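Take a look at the structure set out below.
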There are 2 protein chains.
Amino acid sequence: MMLHRQAISSRMTRMLPSFVRSMATTETPLDASKVKIIKTNTPSKAQPNDQLVFGKTMTDHMLTIEWNRGKGWATPEIKPYAPLSLDPSCCVFHYGFELFEGLKAYRTSDDKISMFRPDMNMKRMNKSAARICLPTFESEELIHLIGKLIQEDKHLVPEGTGYSLYVRPTLIGTTNTLGVSVPDKALLFVICSPVGPYYKTGFKAVRLEATDYATRAWPGGVGDKKLGANYAPCILPQLQAAERGYQQNLWLFGPEKYITEVGTMNVFFAFQNKETGKKELVTAPLDGTILEGVTRDSVLALARENLDPNEWEVNERYFSINEVADRAAKGELLEAFGSGTAAVVSPIKEIGWKGKDISVPLLPGEQSGPLTKQLASWIADIQYGRNKHDNWSQIVAELK
Amino acid sequence: MMLHRQAISSRMTRMLPSFVRSMATTETPLDASKVKIIKTNTPSKAQPNDQLVFGKTMTDHMLTIEWNRGKGWATPEIKPYAPLSLDPSCCVFHYGFELFEGLKAYRTSDDKISMFRPDMNMKRMNKSAARICLPTFESEELIHLIGKLIQEDKHLVPEGTGYSLYVRPTLIGTTNTLGVSVPDKALLFVICSPVGPYYKTGFKAVRLEATDYATRAWPGGVGDKKLGANYAPCILPQLQAAERGYQQNLWLFGPEKYITEVGTMNVFFAFQNKETGKKELVTAPLDGTILEGVTRDSVLALARENLDPNEWEVNERYFSINEVADRAAKGELLEAFGSGTAAVVSPIKEIGWKGKDISVPLLPGEQSGPLTKQLASWIADIQYGRNKHDNWSQIVAELK
């Protein structure tokens with residue numbers, strides 16, 4: 001099974017057809033220096049931090065860039081936030097030509113605005129675009145443009161640990177025809193929403209339902225890409241789990257019941273071998289069915305750098321709900337958490353499986369385990385500029 | 001494998017969560033009698049038949065119906081065709097909350113306009129909607145509204161066998177938030193495009209590439225629903241096949257290499273057992289990974305009614321590319337064709353598999369096999385009202 005999955009994945013990433021490649025050489029590349037800025041006449045005031053709702057209020061400006069096959073990227077525009085006007089036959093409404101990214105901008109202690117590893121998001125966005133034949137672009141140019149967009153609305157980047165500006169780059173196909181074909185027009189837009197901490201009063205560990213009747217992703221599919229296609233189908237299983245008292249689905253795969261992701265996040269488990277005493281932090285490998293999470297990558301890197309290798313192993317490997325159930329029964333399950341941009345880490349306290357709940361240990365009187373808490377703290381220190389780590393934090397705007 | 005797939009499929013179709021169910025009882029149902037009609041001031045002239053391009057030119061009017069959770073369906077509006085204005089945070093752009101139907105309206109010989117089995121499309125549209133938590137509706141009401149829409153643009157329904165009005169009902173989620181959640185707002189719209197025959201000069205048999213490195217649909221997924229999510233991911237494999245000289249992908253599934261669909265159509269194969277002389281028409285079973293095609297269903301019904309059961313078996317069963325290759329080598333492969341609304345039937349002449357081409361027989365000097373041709377003719381006779389079959393043809397508007 002493992003070999004089969006990996007073989008499919010690598011064959012899918014073969015080079016793009018030549019006509020798609022050849023376009024790239026004759027088209028105008030994305031160029032941040034050409035940006036045209038039209039400022040709003042009615043700048044808004046920042047909402048109080050305690051009234052921020054994730055993704056509900058947007059900032060005053062948006063970035064839009066049109067693309068046409070043969071011509072390439074048009075002049076980037078930063079302009080007042082406004083509705084999009086699209087023909088009803090536009091391919092984004094019919095055939096799922098859409099993808100997005102999610103990343104955050106933070107106020108640092110020295111009055112700058114930084115983004116966390118934006119190069120990773122741009123790389124993934126280009127991979128998503130190539131997979132559904134939408135145009136790719138120079139990552140650095142889009143990061144630069146996002147910086148300019150944030151600069152316009154810098155007064156709306158909230159202050160305080162846990163507060164940030166959520167940035168949503170989106171790319172949609174805009175060809176007007178009902179024929180299913182490669183889009184010859186596209187629109188890249190970026191909108192921003194000031195957001196608070198995912199858990200307002202500290203962590204709140206969640207209950208998951210291990211789900212095998214609905215399947216999030218499949219070898220040879222697109223589960224590793226941030227496409228709209230991967231999201232709508234996951235809502236019904238979530239409602240079904242919620243009816244049974246679980247907040248999210250723990251997505252299983254195949255007859256082996258491998259653990260893949262949780263809700264819209266990657267997922268980590270920590271075990272301790274009772275005989276050897278050795279601990280292990282584990283997450284599913286990137287085999288084409290797993291989103292290449294930036295937080296996932298950061299957790300792995302920080303764990304590998306900071307955890308004592310005599311005490312810990314950090315592994316990307318297949319592991320099943322049956323292994324989790326068995327090791328929980330033996331007292332070998334230490335912790336479990338989801339990882340993603342919105343919540344950074346999201347501790348798990350129980351997993352429903354085969355009519356029973358597997359308990360995941362938490363610190364006494366707290367809502368997370370010690371490693372989960374430690375990882376969250378390491379990441380926050382980098383995001384808010386308190387720890388310079390490998391240029392993970394990139395300054396994109398200035399407050400003063 | 002077969003049991004596993006069917007078990008997953010039936011578990012996925014369990015009832016909707018209670019809060020989704022309960023809404024239906026308190027919300028305003030879709031009501032065609034309330035329709036508000038705003039006529040265009042600039043009615044267009046019909047294009048000459050030879051200039052019609054599939055899905056490129058739309059008629060003068062569109063139907064739109066808004067939906068709000070708790071309120072239900074608003075007043076249906078038939079109004080001049082115009083762009084949609086949507087907030088950039090609208091969930092249709094980010095999370096794939098979109099689904100559609102495709103059906104055709106025909107001028108009958110007695111000056112009426114009929115649709116082919118619209119009840120089947122409405123049933124499927126409701127299934128698609130329920131799967132991604134968009135609102136469902138009373139099928140008869142939407143058919144009635146589509147009739148009224150066509151009535152407004154009846155001069156644009158082209159005349160002649162092979163010509164028709166392609167009707168595209170679409171349902172999108174319109175909630176404005178970046179949080180991934182159940183949409184509380186939606187828009188149902190219907191647009192129409194006058195279209196000519198898929199094959200302007202009679203059939204043109206296609207070459208397919210049997211594709212196992214990309215997977216169109218899987219158990220526990222949404223491949224049986226007409227969601228936008230199923231389309232964009234299939235374009236890159238099609239381009240890759242085109243580079244190697246094949247027009248479409250023949251989608252395979254699993255280690256058994258089962259044949260599932262072709263391009264965006266269902267697929268049929270005809271075999272003859274050399275020993276018994278018995279013929280078989282076969283297509284993949286509806287196990288949750290196969291689109292419940294209206295043309296597929298019609299082909300099966302007409303074949304079961306009209307083919308001599310002493311000569312033919314008509315089966316929905318799993319069959320693999322290996323079976324096709326083996327039987328072609330033995331001279332047992334008779335015909336193969338895709339089925340769908342756009343082309344009705346689409347004959348296949350060659351299938352690339354493991355570096356070789358499997359030849360599919362055609363009538364001497366023609367571009368289809370005899371059964372393919374016969375089925376196309378039976379269906380056309382019903383669509384254009386020359387044969388009344390079980391009310392498959394439903395009058396929805398009057399020309400005079």
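Every chain is numbered from 1, with letters handed out A, B, ... down the list of sequences. Because the structure is predicted, anything quoted here is derived from the model rather than measured.
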What heavy-atom pair brings [X] and [Y] nearest, and what distance separates the two atoms?
X      : Y      : value
A/Y81  : B/P88  : OH-CD, 3.5 Å
A/P233 : B/R131 : O-NH1, 2.9 Å
A/A232 : B/G96  : CB-O, 3.4 Å
A/A130 : B/L236 : O-CD2, 3.9 Å

Just give me the residue among [options] that pairs up with chain B most often, heavy atom to heavy atom, under 4.5 Å.
options                      : value
A/T170, A/T177, A/L178       : A/L178
A/R216, A/R168, A/Q238       : A/R168
A/M62, A/H94, A/M58          : A/H94
A/I132, A/V53, A/L171, A/L86 : A/L86
A/Y166, A/Y95, A/Y231, A/F97 : A/Y95

Is [X] close to chain A through its backbone or its side chain, or both, or neither, when contacts mean heavy atoms under 4.5 Å?
X      : result
B/V92  : both
B/F100 : side chain
B/I172 : side chain
B/S89  : both

Between [X] and chain B, which part of the residue has a heavy atom less than 4.5 Å away: side chain, backbone, both or neither?
X      : result
A/A242 : neither
A/F189 : side chain
A/S181 : backbone
A/A342 : neither
A/I191 : side chain

Verdict with supporting geometry, B/F253 and A/W218, ring pair (Phe, Tyr, Trp, His ring centres under 6.0 Å): CA-CA 11 Å; B/F253 182 80; A/W218 197 269; 5.5 Å; yes

Polar side-chain atom of B/K56 near backbone of A/N176 as donor-acceptor pair, under 3.5 Å: yes

Check: B/T215 side chain, A/P219 main-chain N or O, donor-acceptor pair, under 3.5 Å: yes

Leading residue by heavy atom contact count with chain A [cutoff under 4.5 Å; candidates B/C90, B/C234, B/A229, B/G102]: B/A229

Chain A contacts, top residue of B/D87, B/T264, B/L99, B/L84 (heavy-atom pairs, under 4.5 Å): B/L84

More than 12 heavy atoms from other groups under 6.0 Å of CD on A/E66: no

